[in-house]
Asker: 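One structure, as structure tokens, below. Some questions next.
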Amino acid sequence: MKPEEILKEIAEQTAVCTRCKLHHSRKNAVPGSGNPHASVMFIGEGPGFHENEQGLPFVGAAGQFLDELLTEAGLTREDVFITNVVKCRPPGNRDPQEDELEACKPFLERQIAAINPDVIVTLGRISMGYFINNGRISAIHGRSFWSGGRMAVPMYHPAAALHQPSLRDVVKEDFAKLPAYIKQAQDTRKNNTDLVLPTQEDPEEERDEGNAQQLSLF
Ligand code: URA
């Protein structure tokens, strides 16, 4: 199956999914949107009010800031794929719970496998936890890790910068690094077809910075 066909199938499945309790308050599932052949995939936390209304990711205030950040990196929504770790809105925008994350994980895994991105940008703490173990976002944001044969770059969630204006410039600086990371990830993957990839992080340094460890979940 082509990536676009797999993504369409996932979208149809999430629309009728009853694997977790989030379906009770679902108006629209938000499977994700963008380029099925994207080199970069952005993974947020979960749909909010506006996303639940429209069935599209990051269309509220955080989404507007994300658009600005994409521009900062020379990217558009058409270049990338944007999704979340859970595809249905947690009531009141609470954090997704463990059983909800677990129930939704196969959708995310299939999306990643279908799109096969070079770089995964995690937006916020919860999404970061899928790829990097024991990392503190304040210590490792904007840095690159290898996880499951791809580059993972943890970033602050755009909503965090809206609530904490001092983070705005930090997030912008992190996004500005993306073009170089994309090039580096593409080059490295081209030259490592077996996907056993080098770590870029010095373990000593990692210990100093929140015990970040790379995971190979995907
Ligand atoms: N916050 C998220 O994490 N995802 C969205 O789609 C919107 C807001």
Side-chain angles (χ1 to χ4, degrees), residues 1-11 14 30-46 56-58 63 66-67 69-87 101 104-124 126-133 135 137 140-158 171 174-201 212 214-218:
M1 263 169 106
K2 292 184 189 151
E4 36 277 73
E5 292 167 347
I6 298 172
L7 295 177
K8 185 164 174 279
E9 189 175 271
I10 294 168
T14 57
V30 183
S33 71
N35 188 334
H37 303 274
S39 184
V40 194
M41 194 165 167
F42 290 84
I43 306 179
E45 202 167 291
L56 291 167
F58 284 94
L66 180 59
D67 286 338
L69 294 166
L70 289 173
T71 306
E72 196 82 18
L75 297 166
T76 67
R77 286 205 184 217
E78 287 69 44
D79 298 322
V80 305
F81 193 86
I82 303 176
T83 189
N84 288 299
V85 287
V86 294
K87 314 302 188 199
L101 293 168
C104 222
K105 203 168 179 175
F107 292 128
L108 182 61
E109 284 176 342
R110 254 193 108 201
Q111 288 176 316
I112 294 172
I115 296 166
N116 191 20
D118 299 301
V119 179
I120 288 177
V121 177
T122 61
L123 301 172
I126 292 182
S127 161
M128 178 182 75
Y130 272 60
F131 302 92
I132 296 157
N133 211 2
I137 197 155
I140 65 168
H141 66 88
R143 289 172 57 182
S144 66
F145 296 81
W146 285 99
S147 175
R150 314 173 196 285
M151 187 182 277
V153 184
M155 303 265 194
Y156 280 108
H157 195 287
V171 179
D174 286 349
F175 266 72
K177 295 178 192 163
L178 269 182
Y181 282 150
I182 294 166
K183 166 112 185 33
Q184 191 188 350
Q186 286 172 340
D187 290 348
T188 307
R189 291 181 94 217
K190 227 185 316 187
N191 298 324
N192 289 269
T193 45
D194 58 357
L195 297 183
V196 178
L197 291 164
T199 158
Q200 293 176 277
E201 301 290 334
Q214 301 166 88
L215 298 181
S216 26
L217 278 185
F218 299 113

Asker: Applying side-chain contact (heavy atoms from CB on, under 4.5 Å), can you list everything that pairs with Thr76, at least two apart in sequence or on another chain?
Answerer: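 side-chain contact (heavy atoms from CB on, under 4.5 Å) check on Thr76 returns Glu78, Asp79.
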
Asker: Contact between Pro154 and Phe145 at the side-chain level, heavy atoms closer than 4.5 Å - yes or no?
Answerer: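 Yes, side chains in contact.
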
Asker: Could you tell me if the side chain of Ile140 sits less than 4.5 Å from the side chain of Met128, heavy atoms only?
Answerer: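 Heavy-atom side-chain distance check passes, below 4.5 Å.
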
Asker: Using a 4.5 Å cut-off on heavy atoms from C-beta on, say whether the side chain of Arg189 contacts that of Arg150.
Answerer: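 A side-chain contact exists here, since the closest heavy-atom pair is under 4.5 Å.
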
Asker: For the residue pair Met151 and Trp146, establish whether any side-chain heavy-atom pair is separated by less than 4.5 Å.
Answerer: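 Touching, per the 4.5 Å side-chain cut-off.
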
Asker: Thr14: what forms a side-chain contact (heavy atoms from CB on, under 4.5 Å) with it, not counting sequence neighbours?
Answerer: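 So Thr14 forms a side-chain contact (heavy atoms from CB on, under 4.5 Å) with Ile10, Ala29, Pro31, Lys87, Phe107.
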
Asker: From Leu108 CG over to Thr83 OG1, what is the distance, rounded to the nearest 0.5 angstrom?
Answerer: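 Nearest 0.5 Å value for the CG-OG1 distance: 6.5 Å.
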
Asker: Going by heavy atoms in the side chains, are Ile120 and Phe131 under 4.5 Å from each other?
Answerer: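 Touching, per the 4.5 Å side-chain cut-off.
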
Asker: Can you tell me how far OG1 of Thr122 sits from NE2 of His157, rounded to the nearest 0.5 angstrom?
Answerer: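 Atom-to-atom, His157:NE2 and Thr122:OG1 are 10.5 Å apart.
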
Asker: If you look only at pairs with a residue in residues 1-10, which of them pass as a salt bridge (charged side-chain N to carboxylate O under 4.0 Å, His left out), with sequence neighbours excluded?
Answerer: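 Qualifying pairs, neighbours excluded: Lys8-Glu12, Glu9-Arg110.
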
Asker: Any donor-acceptor pair under 3.5 Å linking the side-chain atoms of Ser144 with those of Gln184?
Answerer: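 Note: Gln184 and Ser144 side chains miss the donor-acceptor criterion.
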
Asker: Does Phe175 have any ring-ring contact (aromatic ring centres under 6.0 Å, His included) partners at least two apart in sequence or in another chain, and if so, which?
Answerer: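 Scan of Phe175 (ring-ring contact (aromatic ring centres under 6.0 Å, His included), adjacent residues dropped) gives Phe42.
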
Asker: Are the side chain of Asn84 and the backbone N or O of Val86 linked by a donor-acceptor pair below 3.5 Å?
Answerer: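 Answer holds: no.
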
Asker: Tell me, do Arg77 and Asp67 make a side-chain contact under 4.5 Å, heavy atoms counted?
Answerer: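 Heavy-atom side-chain distance check passes, below 4.5 Å.
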
Asker: To the closest 0.5 Å, what do you measure between CG (Leu66) and CG (Leu75)?
Answerer: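 If we round to the nearest 0.5 Å, Leu66:CG and Leu75:CG are 10.0 Å apart.
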
Asker: Measure the shortest side-chain to side-chain distance between Val40 and Tyr181 over non-hydrogen atoms and say whether it is less than 4.5 angstrom.
Answerer: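 Not touching, per the 4.5 Å side-chain cut-off.
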
Asker: Listed by chain and number, what are the ring-ring contact (aromatic ring centres under 6.0 Å, His included) partners of Tyr156, not counting sequence neighbours?
Answerer: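 Checked Tyr156 against ring-ring contact (aromatic ring centres under 6.0 Å, His included); matches are His141.
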
Asker: Are side-chain heavy atoms of Leu123 and Phe58 found at a separation under 4.5 Å?
Answerer: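 Yes, their side chains come closer than 4.5 Å.
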
Asker: Checking Asp187 now: which residues fulfil side chain to side chain donor-acceptor pair (under 3.5 Å) with it, not counting sequence neighbours?
Answerer: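 Applying side chain to side chain donor-acceptor pair (under 3.5 Å) to Asp187 gives Lys183.
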
